[in-house]
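Would you mind keeping the following structure in view while I ask a few things?
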Amino acid sequence: MTVTRPTPDDERGERGVGTPAPVRLTRDFFDRPAHQVAPDLLGRVLVHGPVALRITETEAYGVPGEDPASHTYRGRTARNAVMFGPPGHLYVYFTYGMHFCANLTCLPEGVGSGVLLRAGEVISGAERALARRTAGSARVVKHHDLAKGPARLAVALGFTREHNGLDACAPGPLAGLPGLPGLPELFVSPGEPVAPSSIRSGPRTGVSSAQETPWRFWIDADPTVSPHRAHVPRRR
DNA sequence: CTCCCGATTGTCT
DNA sequence: GACAATCGGGAGA
């Protein structure tokens, strides 16, 4: 991962001519509709402590009343409150009685939407990610499977309940170069945006409604992208 | 590789 | 009481 020292212009999210690329995405990046943010996140690098992940697959979830597949469809609750907060925050939820999944919130405070982080390529801290993925089991996990799927991604990055609400665009010193103090616990590096010709889109995975909405985005032919599964109603 | 199934609990109807 | 923005293991092709 390449990180460049920021300039004062970068701190304000304004790039002047000849200034280096900003170290991290600022809040305005996320203050857009989720279906616009989701493809734009591909190729970006999510950093949480020692683990860095190049995002390869995302899904957009829309605003209350308009997207029946979104956790916010029926309005604000205790669980989805973070999605109604300001953009650029981590929304972590618990599902299937055993898994955590992570989103980055979009649009301004009061509007509930976000992008589910579905898969990525671990580019730093792979040893830590592997230890988390194999803890308490003897199974073998290949490098490209470390974060293939939203629940696996959450494990690799160490996201659980306690990380719900974390700010990925926290203000503060941006001298977060390796070996220097001030590195935020959580941030998104701009990475290398993916060319539009390499971005694919299709129906979202595992959702029981709005299956015609093509709001799943992934990098074409990337080995870390998860297999698509249509929703399967559970029988009892 | 492709099905198919069970696990396990928070959340909302 | 139903079911979930999932995963890992096992059977079979």
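Here is the naming used below: chain letters follow the sequence lines, and residue numbers restart at 1 for every chain.
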query = When we call it a touch if two heavy atoms are under 4.0 Å apart, what does A:Arg229 touch: a base, just sugar-phosphate, or nothing?
reply = nothing

message = Side chain of A:Met98, heavy atoms from C-beta onward: which of B:dT8, C:dT6, B:dT13 has the nearest atom to it?
response = B:dT8

key: Residue matched to C:dA5 through Watson-Crick or wobble contacts both under 3.5 angstrom   = none

remark   = pair_partner(C:dG12), Watson-Crick or wobble, both distances < 3.5 Å, evaluates to B:dC1

request  = Sticking with atom C1', work out how far C:dC3 lies from B:dG6, rounded to a whole angstrom.
outcome  =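 The same atom, C1', in both gives a distance of 15 Å.
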
request  = Tell me whether the guanidinium CZ or amine NZ of A:Arg32 lies under 6.0 angstrom from the six-membered ring centre of A:Phe30 and within 45° of its axis.
outcome  =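 No, A:Arg32 does not lie over the aromatic ring of A:Phe30.
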
Phosphate OP1/OP2 of C:dG8: any A:Arg133 side-chain N/O under 4.0 Å = yes

note = In whole angstroms, the gap separating C1' of C:dA5 from CG of A:Leu153 amounts to 13 Å

query = Think A:Thr77 has a side-chain N or O under 4.0 angstrom from the OP1 or OP2 of B:dC12?
reply = yes

task = Look at all strands and tell whether A:Ala69 reaches a base, only sugar-phosphate, or nothing, counting heavy atoms closer than 4.0 Å.
result =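 Here A:Ala69 touches the bases of the nucleic acid.
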
key: C:dA5 base / A:Tyr93 side chain donor-acceptor hit below 3.5 Å   =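 Indeed there is one.
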
key: Per A:Arg139 side chain, nearest of listed nucleotides C:dG8, B:dT13, C:dA5   =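 Shortest atom-to-atom distance from the side chain points to C:dG8.
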
From C:dC7, B:dA7, B:dT11, nucleotide with atom closest to A:His99 side chain =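 The nucleotide sitting nearest to the side chain is C:dC7.
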
inquiry  = From CZ of A:Arg216 over to P of C:dT6, roughly how many Å is that when rounded to an integer?
reply    = 11 Å

message = Between P on B:dT13 and CZ on A:Arg79, what's the gap in Å once rounded to a whole number?
response =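 So the CZ-P distance, A:Arg79 to B:dT13, works out to 10 Å.
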
query = Between atom CZ in A:Arg161 and atom C1' in B:dT8, what is the gap in whole Å?
reply =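 Those two atoms, CZ and C1', are 13 Å apart.
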
ask   = Taking atom C1' of C:dG8 as reference, at what distance in whole Å does atom NZ of A:Lys142 sit?
value = 14 Å

Between C1' of B:dG10 and OH of A:Tyr96, the distance in whole Å =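 From A:Tyr96 OH to B:dG10 C1': 13 Å.
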
request  = For A:Ser137, answer base if it contacts any base atom (sugar-phosphate contacts may also be present), sugar-phosphate if it contacts only those atoms, and nothing otherwise; contact means non-hydrogen atoms under 4.0 Å.
outcome  =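 No contact.
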
Whether A:His71 and A:Tyr93 hold their rings parallel, tilted or perpendicular, with breakpoints at 30° and 60° =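 Perpendicular.
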
inquiry  = Rounded to whole Å, how long is the line connecting atom CZ of A:Arg76 with atom C1' of B:dT11?
reply    = 17 Å

request  = Report the distance from atom CD of A:Glu57 to atom P of C:dA5, rounded to the nearest whole Å.
outcome  = 16 Å

A:Arg152, nearest nucleotide to its side chain (from B:dC12, C:dG8, C:dT6) =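 Among B:dC12, C:dG8, C:dT6, the one nearest the side chain of A:Arg152 is C:dG8.
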
query = When we call it a touch if two heavy atoms are under 4.0 Å apart, what does A:Arg204 touch: a base, just sugar-phosphate, or nothing?
reply =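 Nothing, no heavy atom under 4.0 Å.
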
ask   = Would you say C:dT6 has OP1 or OP2 under 4.0 Å from some side-chain N or O of A:Arg118?
value =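 True: A:Arg118 side-chain N/O within range (under 4.0 Å) of C:dT6 OP1/OP2.
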
ask   = When the C1' atoms of C:dG1 and B:dT8 are considered, how many whole Å apart are they?
value = 16 Å

task = Would you verify whether the NZ or CZ of A:Arg79 falls within 45 degrees of the ring axis of A:Tyr91 while also being under 6.0 Å from that six-membered ring's centre?
result =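 Ring-cation test returns no.
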
request  = Kindly confirm whether the side-chain ring of A:Phe94 is stacked on the base of B:dG10, judged by centres under 5.5 Å and planes under 30°.
outcome  =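 Whether judged by distance or by angle, A:Phe94 falls short somewhere, so it does not stack on the base of B:dG10.
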
ask   = Run the side chain to side chain contact (heavy atoms under 4.5 Å, CB included) check on A:Leu117 and A:Leu46 step by step: do they pass?
value = CA-CA 10 Å; A:Leu117 303 169; A:Leu46 178 65; 3.6 Å; yes

inquiry  = Using the ring centroid of each side chain, check whether A:Phe100 and A:Phe94 are separated by less than 6.0 Å.
reply    = yes

inquiry  = Nearest 0.5 angstrom please: A:His48 NE2 to A:Leu157 CG, how far?
reply    = 7.5 Å

